[in-house]
Amino acid sequence: NAGVTQTPKFRVLKTGQSMTLLCAQDMNHEYMYWYRQDPGMGLRLIHYSVGEGTTAKGEVPDGYNVSRLKKQNFLLGLESAAPSQTSVYFCASSWWGEQFFGPGTRLTVL
Amino acid sequence: GIQVEQSPPDLILQEGANSTLRCNFSDSVNNLQWFHQNPWGQLINLFYIPSGTKQNGRLSATTVATERYSLLYISSSQTTDSGVYFCAVPAIQGAQKLVFGQGTRLTINP
């Protein structure tokens with residue numbers, strides 16, 4: 001039981017490049033989330049999903065897109081990366097109540 | 001939206017000391033989570049505690065939902081307790097998405 005996994009762990013992009021972060025969970029959870037964490041701050045919700053095929057905006061959705069084609073996967077896309085998107089990205093999942101987090105992806109945009 | 005405030009922002013203690021971390025929230029909640037972010041950035045679930053008191057080894061937590069606060073107690077601190085402690089509550093009553101506090105940075109010196 002791997003829990004929540006994220007790919008990749010680290011990535012460096014140039015401004016304007018695109019990339020996709022992958023989150024996978026093996027706990028059969030309905031809900032999945034993408035957060036970002038900036039230095040000295042708590043986590044802020046980017047997008048979330050309440051089930052396969054659904055997505056919704058969180059607190060800071062601009063510049064990101066998401067897809068939930070399979071229940072176990074939640075993808076976060078950056079179409080045109082900007083330096084302001086340099087951050088650590090965490091994925092989480094839950095069934096009801098308690099959320100469980102992946103190990104994070106450290107993204108740097110130059 | 002709901003506001004979450006944690007105090008103190010920083011705490012430096014010697015190994016063996018006890019500590020109390022506080023989380024205040026501005027509206028009624030039906031769940032609350034405490035997390036420990038270790039120096040490697042990993043988010044570890046400590047407690048899922050909508051109300052009442054729970055204990056896990058040297059750590060315990062109490063949530064008084066009617067008074068809109070939660071406390072995390074750490075007894076006989078060890079250097080491995082160092083890191084940032086976050087509390088998080090639902091953005092709105094019954095919602096799954098979480099709002100995080102800014103965290104308390106705990107440093108335990110040997």
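What you see is a predicted model; the values in this text were computed from it and never measured. Here is the naming used below: chain letters follow the sequence lines, and residue numbers restart at 1 for every chain.
- Neither the backbone nor the side chain of Glu59(A) comes within contact range of chain B; no heavy atom of the residue lies under 4.5 Å from a heavy atom of that chain.
- Residue Gln37(B) touches chain A through its side chain alone, counting heavy-atom pairs closer than 4.5 Å.
- Of all the heavy atoms in Gln6(A) and Gly104(A), the pair that sits closest is OE1-N, 3.0 Å.
- The minimum heavy-atom distance between Ser93(A) and Met32(A), with the atom names listed, is CB-CG, 4.0 Å.
- A side-chain N or O of Thr62(B) and one of Thr53(B) form a donor-acceptor pair less than 3.5 Å apart.
- Residue Gln102(B) touches chain A through both its backbone and its side chain, counting heavy-atom pairs closer than 4.5 Å.
- Salt-bridge check for Glu30(A) with Lys71(A): passed, with a basic side-chain N closer than 4.0 Å to an acidic carboxylate O.
- Checking Asn18(B) against Ser75(B) by side-chain atom types alone, no donor-acceptor pair falls below 3.5 Å.
- When heavy atoms are compared at a cutoff of 4.5 Å, Leu43(A) approaches chain B by way of both its backbone and its side chain.
- Each of Phe100(A), Tyr48(A), Phe101(A) has some count of heavy-atom pairs under 4.5 Å with chain B, and the biggest count is that of Phe101(A).
- Between chain B and the residues Gln99(A), Arg106(A), Met41(A), the most heavy-atom pairs under 4.5 angstrom are made by Gln99(A).
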